[in-house]
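Per chain, numbering begins at 1; letters A, B, ... match sequence-line order.
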2 protein chains.
Amino acid sequence: MTMMTAKDMPRSAATARTGCPVHDLKDMLRTAGLRPTRQRVALGWLLFGKGDRHVTAERLHEEAVKARVPVSLATVYNTLHQFTTAGFLREVAVEGAKAYFDTNTGDHFHFYVEDQGQLIDINGSDITVSHLPEPPEGMEIVGMDVVLRLKPKAR
Amino acid sequence: MTMMTAKDMPRSAATARTGCPVHDLKDMLRTAGLRPTRQRVALGWLLFGKGDRHVTAERLHEEAVKARVPVSLATVYNTLHQFTTAGFLREVAVEGAKAYFDTNTGDHFHFYVEDQGQLIDINGSDITVSHLPEPPEGMEIVGMDVVLRLKPKAR
DNA sequence: TTACGTGCAAATAATTTGCAGTCCC
DNA sequence: GGGACTGCAAATTATTTGCACGTAA
């Protein structure tokens, strides 16, 4: 492994599909061995229905409640982890205790606005990481995180 | 900003000094406006006395207790954050709720062994990140994290 | 029907905070 | 001596778990 750019990255699982979104979602879930329950379909709809997103469990829970899909916070956590295990989401570690989940499942890069706790995708950039070192014996690289931390410019 | 390699990175604050280590430590603290209390000197000693390290608050607390420097976990947290604010440490976000503190304060790169929660410096490597994108208007890039996640090789 | 899911509330884990007592300058 | 520092315990925050009940296949 030596080189990788943002352009190589796979897109999110949902955008690869066509046809009836709800039907596709159910298929997605079944393929992963997950029953397409009301909650999972609703959360999947919120997550994959509008392009790439970054959410915390708490924010997704708020959204679901607003969308009149009452679901417990615990189930949101369960579902996010099931989706992650299934490969529909990727967990992004940025700082502190908050876990962010990203619908763009490939290795890719982020801006992180420290003061707002906001994650921003770096898309279609020429950003390149080269000369990756060999992993230690018996290990393999399973992912790469690149986070550029932002702050308001001092003036 | 376009290019940056591990070789450009500054070393840790402590290794830049010479002479009596304890004296230097106290100087370091005073310079940062921190009183050189017993606990802070002891923690500084543990942190900067043996080259670059990565610690969690909990591990450092264990070490301090073993080294017969009883200090409360709360004070360890306080001290780690004070050192970070002063620029002696850098916080590394890798995953979950754990915060790692690194005595190497420059932007640099890590391996992270997911199963063991272990951080490994990538030192003296040719790893290069180029073509960094411009930050959004009014923002500036204040740091970069690159984490390569490792797992035991499947065989 | 029946195993898988869900919701709730309680349990954990990591970290922070309030405050009374202690220590450096 | 006085404000900065520390330790303890309680409070927060983010997340997980146990278990009775509900529901998709």
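Between the OH atom of A:Y100 and the C1' atom of D:dA14 there is a distance of 12 Å, rounded to whole Å. If you take CG of A:N78 and C1' of C:dC4, they are 12 Å apart, rounded to a whole angstrom. What separates NE2 of B:H81 from C1' of C:dA14 is a distance of 11 Å, to the nearest Å. The interatomic distance linking B:F83 (CZ) with D:dC5 (C1') rounds to 13 Å, in whole Å. Separating the CD atom of A:E62 from the C1' atom of D:dA14 is a distance of 14 Å, rounded to the nearest angstrom. If you take CD of A:Q39 and C1' of D:dC21, they are 13 Å apart, rounded to a whole angstrom. Spacing between atom CG of B:L43 and atom P of D:dT6 amounts to 9 Å, rounded to whole angstrom units. Taking atom CG of B:L80 as the reference point, atom C1' of D:dC5 lies 16 Å away to the nearest angstrom.
Residue B:E58 places its side chain closer to C:dA14 than to any other of C:dG5, C:dA14, D:dG7. Between C:dA14, C:dG7, D:dT6, one nucleotide has an atom nearer to the side chain of B:K98 than all others, and that is C:dA14. The side chain of A:R30 approaches D:dA25 more closely than any other nucleotide in the set C:dT17, D:dA25, D:dT15. The side chain of A:Y77 lies closest to D:dT16, out of D:dT6, D:dT16, D:dG7. Taking the side chain of B:L73 as heavy atoms from C-beta on, and the options D:dA14, C:dT15, C:dG5, the nearest nucleotide is C:dT15. Taking every side-chain heavy atom of A:R35 into account, C:dG5 is the closest of C:dT6, C:dG5, C:dT15. For B:V71, counting side-chain heavy atoms from C-beta on, the closest listed nucleotide (D:dG7, D:dT17, D:dC5) is D:dG7. Distances were taken from every side-chain heavy atom of A:P36 (C-beta onward) to each of C:dG5, C:dT15, D:dA25; the shortest belongs to D:dA25. The A:L34 side chain lies nearest to C:dG5 when the options are C:dC24, D:dA24, C:dG5. Listed nucleotides: C:dT6, C:dA9, D:dG7. Nearest to the side chain of A:A74: C:dA9.
Ion pairing of A:K151 with A:D115 is absent here, as no side-chain N (NZ or NE/NH1/NH2) approaches a carboxylate O to less than 4.0 Å. Between B:D121 and B:R53, none of the side-chain N atoms (NZ, or NE/NH1/NH2) sits under 4.0 Å from a carboxylate O, so this pair counts as no salt bridge. Salt bridge annotation for B:K153-A:E140: absent, with no cationic side-chain nitrogen under 4.0 angstrom from a carboxylate oxygen.
Using a 4.0 Å heavy-atom distance criterion, A:H61 is classed as making no nucleic acid contact.
Side-chain contact annotation: A:H108 with A:D102, donor-acceptor N/O pair under 3.5 Å present.
B:T79 OG1 to B:L60 CG: the interatomic distance, rounded to the nearest 0.5 Å, is 8.5 Å.
Between A:V76 and B:F101, it is A:V76 whose nearest contact on DNA chain C lies nearer the 5' terminus. Each of B:E91 and B:T37 was matched to the nucleotide of DNA chain C holding its nearest heavy atom; the match closer to the 5' end belongs to B:E91.
The side chain of A:R40 places no N or O atom within less than 4.0 Å of a non-bridging phosphate oxygen (OP1 or OP2) of C:dC4. The shortest distance between the side-chain N/O atoms of B:S72 and the OP1/OP2 oxygens of D:dT6 is not below 4.0 Å.
In this view, B:A99 and B:E91, B:F101 satisfy the side-chain contact (heavy atoms from CB on, under 4.5 Å) rule, not counting sequence neighbours.
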